[in-house]
Amino acid sequence: MWKLWTASLVLVAVSVLPMEGVAQQEGEVTIRWYGHATFSVTSSTGLRVVIDPYGEIGYPLPVLEGDVVTISHEHRDHNNARLVKGNPVVLRGLTEGGKDWNRIEWSRGSVRIYSVPVYHDAELGAKRGKNSAFVYEMDGIRLAQLGDLGHILTEDQLRALGRVDVLMVPVGDGPFTIGGQEATRVVEQVRPRVVIPMHYKTEARPDWPGTDTGPFLQGKRNVRQLGGHTLKLSKAHLPRETEIVVMTYR
């Protein structure tokens, strides 16, 4: 079993506020996908989190404002924090240069964000380095975005993630992340209520060497083609059985 929690892991305390005694509000969370691995997640209180903003990779650069930015790793298709206006707090899952993990624990009001160390490949980072998954707790819902995950999760990583209601998972079978078969296994491991595929080939990146959602969706039931880029969820109305929601970036 992989030994992730090593002495090289760096603990970063970023604006941490105690969660004890904080009432967990259960309003509506708004999730918007901009393509690739870039999302914004907005709580019912209006706190805006931008996830893995991309640079010049083929998608139109959106106008983004946020209170918090999380960056899973330091590749240019995930780390364009300067794209986000509003003087946000930037939470980086890796240290400068991407050599080691930052352990992120951050909270504001009833919103909590923390990171889980994972790898960009199936060889303990030997090929593509380290990566951080992020978990976001808000309005009674727990969301996880896995960044450029390159392997099946270990038991230690699953415990660190905790319960996940909404899973944003890479599915574009190719040289950079897990593909459809591995993503299916990760979904089976995590058992979320909602799955949002990400990091796959679209018309914005026709020459990208990965695949579209086809291999991941093949043979699956409970697939909803949203036909849009924005999804609103509340804890009370999460599906009982895992549902895959395929979003469009425009």
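Note that these values count all heavy atoms, side chains included, but never hydrogens, waters or copies made by symmetry.
Side-chain contact between Asn102 and Leu94 is absent, with no heavy-atom pair separated by less than 4.5 Å. Between Asp165 and Arg163 there is a side-chain heavy-atom pair separated by less than 4.5 Å. Within the 4.5 Å cutoff, no side-chain heavy atoms of Leu143 are placed close to those of Val164. The closest side-chain heavy-atom distance from Leu47 to Arg108 is below 4.5 Å. Considering only heavy atoms from C-beta on, Phe134 comes within 4.5 Å of Ile104 through its side chain. Taking the side chain as every heavy atom from C-beta outward, Glu243 and Arg193 never approach each other to under 4.5 Å. Within the 4.5 Å cutoff, the side chain of Thr177 has no heavy atoms near those of the Tyr200 side chain. Residues Val111 and Ser43 are in side-chain contact: their nearest non-hydrogen atoms beyond the backbone lie under 4.5 Å apart.
Inspection of the His151 and Asp121 side chains reveals no N or O donor paired with an N or O acceptor under 3.5 Å. In the model, His78 has a side-chain atom that pairs as donor or acceptor with a side-chain atom of Asp52 under 3.5 Å. Defined by atom type and a distance below 3.5 Å, a donor-acceptor pair is present between the side-chain atoms of His36 and Asp77. Using a 3.5 Å distance cut-off with no hydrogens or angles, the side chains of Lys201 and Thr213 do not pair a donor with an acceptor. Between the side chains of Thr70 and Tyr136, at least one donor N or O lies within less than 3.5 Å of an accepting N or O.
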For this session: Could you check Gln225 against Leu217 for side-chain contact (heavy atoms from CB on, under 4.5 Å), going step by step and ending with a plain yes or no?
Result: CA-CA 11 Å; Gln225 298 287 344; Leu217 297 179; 4.0 Å; yes

Problem set entry | Leu153 vs Val190, side-chain contact (heavy atoms from CB on, under 4.5 Å): CA-CA, chis, key distance, verdict | CA-CA 9 Å; Leu153 296 170; Val190 177; 3.8 Å; yes

For this session: Carefully, step by step, assess Ile244 and Asn222 under the rule side-chain contact (heavy atoms from CB on, under 4.5 Å).
Result: CA-CA 6 Å; Ile244 299 170; Asn222 293 337; over 6 Å; no

For this session: Show the numbers, then the answer: is there a side-chain contact (heavy atoms from CB on, under 4.5 Å) between Leu233 and Thr30?
Result: CA-CA 7 Å; Leu233 293 172; Thr30 302; over 6 Å; no

For this session: Go through Arg128 and Glu123 one step at a time and tell me if the salt bridge (charged side-chain N to carboxylate O under 4.0 Å, His left out) criterion holds.
Result: CA-CA 9 Å; Arg128 296 182 186 88; Glu123 299 182 25; over 6 Å; no

Exercise. Going through the distances and angles, do Asp148 and His75 end up as a side-chain hydrogen bond (donor to acceptor under 3.5 Å, both in side chains)?
Worked result: CA-CA 10 Å; Asp148 272 5; His75 289 170; 4.6 Å; no

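A single hydrophobic cluster is not seen to contain both Trp33 and Trp208; linkage of ILVMFWY side chains at heavy-atom distances under 4.5 Å, directly or through other members, places them apart.
Closest non-hydrogen pair, Ser115 versus Ser132, comes out as CB-CB, 4.4 Å. Across all their heavy atoms, Gly55 and Asn80 have their closest contact at CA-ND2, 3.6 Å. For the residue pair Thr38 and Pro53, the shortest heavy atom distance occurs at OG1-CA, 3.5 Å. In terms of heavy-atom proximity, Lys235 sits nearest to Asp139 at CB-O, 4.2 Å. Among all heavy-atom pairs drawn from Phe39 and Ile31, the shortest one is CD2-CG2, 3.9 Å. Heavy atoms only, all atoms of each residue included: Pro209 and Phe176 are closest at CG-CE1, 3.5 Å.
Atom CD of Glu56 sits in a sparse spot, with 12 or fewer heavy atoms from other residues, nucleotides or ligands closer than 6.0 Å. The environment of CD in Glu96 is sparse: at most 12 heavy-atom neighbours from other residues, nucleotides or ligands sit within 6.0 Å.
Side-chain atoms of Gln157 come within 3.5 Å of backbone N or O of Thr154 as a donor-acceptor pair. Tyr34 places no side-chain N or O within donor-acceptor distance of the main-chain N or O of Ser40, the cut-off being under 3.5 Å. Thr211 contributes no side-chain N or O that, together with a main-chain N or O of Gly172, makes up a donor-acceptor pair within less than 3.5 Å. Judged purely by atom type and a 3.5 angstrom limit, Gln145 has no side-chain atom pairing as donor or acceptor with the backbone of Val135.
Between atom CD1 of residue Ile196 and atom CE of residue Met168 there is a gap of 6.0 Å, rounded to the nearest 0.5 Å. Taken from CG in Leu149 to NE2 in His199, the straight-line distance is 11.0 Å, to the nearest 0.5 Å. Note that the CG atom of Asp212 and the CD atom of Glu203 stand 10.5 Å from one another [nearest 0.5 Å]. Taking NZ of Lys232 as the start and OG of Ser44 as the end, the distance is 11.0 Å to the nearest 0.5 Å. Separating the CD atom in Glu28 from the CG atom in Leu231 is a distance of 9.0 Å, to the nearest 0.5 Å. From Ile51, atom CD1 reaches atom CZ of Arg32 across 14.0 Å, with rounding to the nearest 0.5 Å.
A salt bridge does not link Glu182 with Arg185: every distance from a Lys NZ or Arg NE/NH1/NH2 to an Asp or Glu carboxylate oxygen is 4.0 Å or more. Under 4.0 Å is where a charged nitrogen must lie from a carboxylate oxygen, and between Lys85 and Glu65 no such pair does.
Under the 30°/60° scheme for interplanar angles, the aromatic rings of Tyr59 and Tyr54 are found to lie parallel.
The side-chain hydrogen bond (donor to acceptor under 3.5 Å, both in side chains) with Glu74 is formed by just one residue from the set Lys99, Arg92, Lys130; it is Arg92. Applying the side-chain contact (heavy atoms from CB on, under 4.5 Å) test between Leu91 and each of Ile71, Val49, Ile113 identifies Ile113 as the sole match.
With ring centers used as reference points, His73 lies 6.0 Å or more from Trp101.
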